[in-house]
Amino acid sequence: MTTHQTPKLLRVLAGERQDPVPVWMMRQAGRHLPEYLDLRARAKDFLDFCYSPAMAAEATLQPVERYDMDGAILFADILLVLDAMGLDVTFEKGVGPIVETVSADEALRRVPVETAAQRLAPVYDTVSRVRDRLAPSKALIGFCGAPWTVALYAIEGKGGTDKSTARIWAYQHAEALDRLLDDLIEVSAHYLARQAEAGADALMLFDSWAEGLPDTVFDRLITRPNARLIARIRELGVTVPVIAFPRGAGTSLPAFVQSVTVNGIGLDTAISPAYVNQVVPKTIAVQGHLDPLLLIAGGTAMEDRVREILAAYADRPHIFNLGHGIRPETPIAHVERVLEILREGAA
Ligand code: CP3
């Protein structure tokens, strides 16, 4: 049950339509904001930034304060889980993350689940600091990477690859991959449960690299691991709403929403609103899906698409967002223009 004090974003996740629609943007805390770059310059490195609760809380709040977003996304990274599990993770400026790779004959879990979950304690501290400072009308979204997307970094060692090494593993080393996914599900479940305990109002699972998989493999690597991770957090007593983001699901989306019990579904840039309305039951909130490149281009192309998305979902619970993360080169004025359109006609 929601009350009049419940943040709009949570009401939508509970299945209620809200107008104007609540909004937040993936990767909203980051390099397109000058205040973020100032903060970033004071951190030793990106991991240290993520593990410094005072700074991470500040970065989480910056976009909410600047734009009056309805949701705050926890400032952390999906790769912290691998760091906590004992793999060497570094973020190189201008390159991105570099991860120590695992081999097929080695189990990933190098430390007990409890130890890994405890190593992430600074993140729970960030969550409680943000929740203390955030207005009651705003929702704090905790998150983790979904199992396949995180496993992919442990196999490939970096992002931006064609993912063929990990996809060949799925066929050639099926058992090793299943073990890797199992380990990630267990550690991620404890990580999310601790975020919820610390005050996260909703949780999101980022499956950023779900694209391009054959349907049968999609079921094994995306649908089932997401379903199992959510079932596991429920077993651990987590009651907050969950948003899944199987990016690039395409025609596997109907099977995904049938099998994975979610309150919200994150949509990518490629999927069409008409298809979404056909295959996603209206009891599930849709979250999406403006192309982040339109947010760079701006102008009428951007404005028309914002209005199209709003119109397409006008009669169902909708959270406005991007189809993927905001880019560093995004002009602040374009973000502001989108927010203005979303709030047009509001009292
Ligand atoms: O606003 C927010 O969403 C902040 C919290 C956040 C970050 N990463 C901070 C970050 C979140 C939710 C993520 C998720 C994440 N991280 C994903 C899933 C979402 C997506 O974009 O697909 C993935 C795949 C990663 C892995 C990752 N982290 C990559 C590939 C990179 C390098 C590319 C890039 O965007 O810089 C990162 C680094 C990273 N994570 C930065 C930030 C703010 C940039 C680091 C810096 O300031 O130098």
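We count ligands from 1, going down the list as the structure has it; atoms in each ligand are counted the same way.
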Exercise for the section: Indicate yes or no for a side-chain donor-acceptor contact from H334 to the backbone of I296 under 3.5 Å, with no hydrogens or angles considered. Expected result: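 Answer holds: yes.
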
Handout entry: Side-chain donor/acceptor of S188 to backbone N/O of I185, under 3.5 Å
Key =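 Not a single qualifying donor-acceptor pair exists.
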
Could [X] and [Y] be called an ion pair, given the rule that one side-chain N must be under 4.0 Å from one carboxylate O?
X: D38; Y: R40; answer: no
X: D201; Y: K138; answer: no
X: R224; Y: D219; answer: yes

Problem - Residue contacts for ligand 1, heavy atom to ligand atom, distance under 4.0 Å - result: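 Its neighbours under 4.0 Å (heavy atoms only) are R27, Q28, A29, R31, Y36, R40, F46, I73, L74, F75, A76, D77, I78, F91, G96, P97, F143, Y153, F206, S208, H324, given by chain and number.
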
Handout entry: side chain to side chain contact (heavy atoms under 4.5 Å, CB included) assessment of M55 paired with T126
Key = CA-CA 9 Å; M55 290 176 82; T126 304; over 6 Å; no

